[in-house]
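Keep in mind the model is a prediction, meaning the values are calculated, not measured. A, B, ... follow the sequence lines: proteins, then strands. Residue 1 opens every chain.
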Amino acid sequence: MRIATWNVNSIRQRLEHLTRWLDEAQPDVVCLQELKCMEEAFPKSEIEALGYNVAVSGQKAFNGVALLSKMPIEDLRIGLPGNDGDEQARYIEAVMSHPEGVVRVASIYLPNGNPLGTEKFPYKLAWMDRLTSHAKDLLALEEPLVLAGDYNVIPTPLDARHPEKWTNDALFQPESRARFETLKALGLTDSVRQCLPDEPVYTFWDYQAGARQRNDGIRIDHLLLSPEATSKLAGVRIDQHVRDWEKPSDHVPVLIDLTL
DNA sequence: ATGTCAAGGCCACCTTGA
């Protein structure tokens, strides 16, 4: 089973890219982030026509997450538990049933947290604490689990071409990195680092200053796996070439293959 | 060295967010 995550930076601007990439990559499950539209404006029928079931949590102009699945979507949960007042569309989770078993998948758009010194950074940290608390509950189910998305966290210096440029950025703050480590310490495996422990690989290149041409990238899109999923991990792939298509997202798809 | 991009308001440019 192939599971992917991709921050598309507006689904309506990127629909052609998405359909082209679905055709070439043939994923079974896709986690999308930054839809930047309400559910009504999401191009559901176009994606369903390609054989996917679709679940969307939308919001006007900002955020927005979705799950696409070739398998039936069950046990749908929209929103991260722990703050009923949080209106931001950043979390959607469901169970995908499969003849050989089930996998629970979440599409996550973790808050960016910039600029430092504003309320955005504590909101990010509190959101990470809520994610950790929910992940603990999900891990207790002892089932294959994939928490995938744009985490807006650069976990280590290896995950940035120029780590020194990110020292005053919310994505590379000690508090952000410590919470990412706490999350993993619950028993989750960073699938890309499991397969590529020492390789400098990136999933995001800024639109500005020729960052892509200079390979001035960062790795912030992650797929974290429960032990039951990690034991089935057969490989990972980062589809960097998609960043060089015309009018691309600033993020590229990250994929894993599970022997499920 | 923001050298970029997208959405929304109510414009034909500004603000917000990334």
Quiz item: Rounded to the Å, how far apart are E246(A) CD and dA6(B) P?
Solution: 11 Å

Practice problem: Sticking with atom P, work out how far dT4(B) lies from dC10(B), rounded to a whole angstrom. | Solution: 28 Å

Quiz item: Are the side chain of R14(A) and the backbone of K247(A) linked by a donor-acceptor contact shorter than 3.5 Å?
Solution: yes

Quiz prompt | Separation of atom CZ in R12(A) from atom P in dA6(B), rounded to whole Å | solution = 12 Å

Quiz item: So, is Q13(A) near the phosphate of dA7(B), with a side-chain N or O under 4.0 Å from OP1 or OP2?
Solution: yes

Quiz item: Under the 4.5 Å side-chain heavy-atom rule for ILVMFWY, direct or indirect, which residues accompany F62(A)?
Solution: none

Quiz prompt | Separation of dA6(B) C1' from I11(A) CD1 (nearest whole Å) | solution = 14 Å

Exercise. Using only side-chain N and O atoms of S10(A), determine if any of them is under 4.0 Å from OP1 or OP2 of dC5(B).
Key: no

Side-chain atoms of residues 138-153 of chain A: list all donor-acceptor pairs with protein atoms under 3.5 Å, sequence neighbours left out, distances to 0.1 Å.
residue : atom : partner : partner atom : Å
E143(A) : OE2  : R104(A) : NE           : 2.4
E143(A) : OE2  : R104(A) : NH2          : 3.2
D150(A) : OD1  : N152(A) : N            : 3.0
D150(A) : OD2  : N7(A)   : ND2          : 3.0
Y151(A) : OH   : L147(A) : O            : 2.9
N152(A) : ND2  : L110(A) : O            : 2.8

Quiz item: With sequence neighbours left out, what residues match N53(A) under side chain to side chain donor-acceptor pair (under 3.5 Å)?
Solution: none

Exercise. Among Ile, Leu, Val, Met, Phe, Trp and Tyr joined by side-chain contacts under 4.5 Å, find the other residues sharing a cluster with F121(A) and list them by chain and number.
Key: L116(A), L125(A)

Practice problem: With DNA chain B as reference, determine whether R214(A) or R14(A) sits nearer its 5' end, using the nearest nucleotide of each. | Solution: R214(A)

Practice problem: In whole angstrom, give me the gap between the C1' atoms of dA7(B) and dG3(B). | Solution: 22 Å

Quiz item: Sequence neighbours excluded, which residues qualify as side-chain contact (heavy atoms from CB on, under 4.5 Å) partners of L158(A)?
Solution: T156(A), R193(A), P200(A)

Quiz item: In B/S/- notation, 5' to 3', how is nucleotides 9-18 of chain B contacted by protein heavy atoms closer than 4.0 Å?
Solution: S-------BS

Exercise. Between dT2(B) and dA18(B), how far apart are the C1' atoms? Round to whole Å, please.
Key: 12 Å

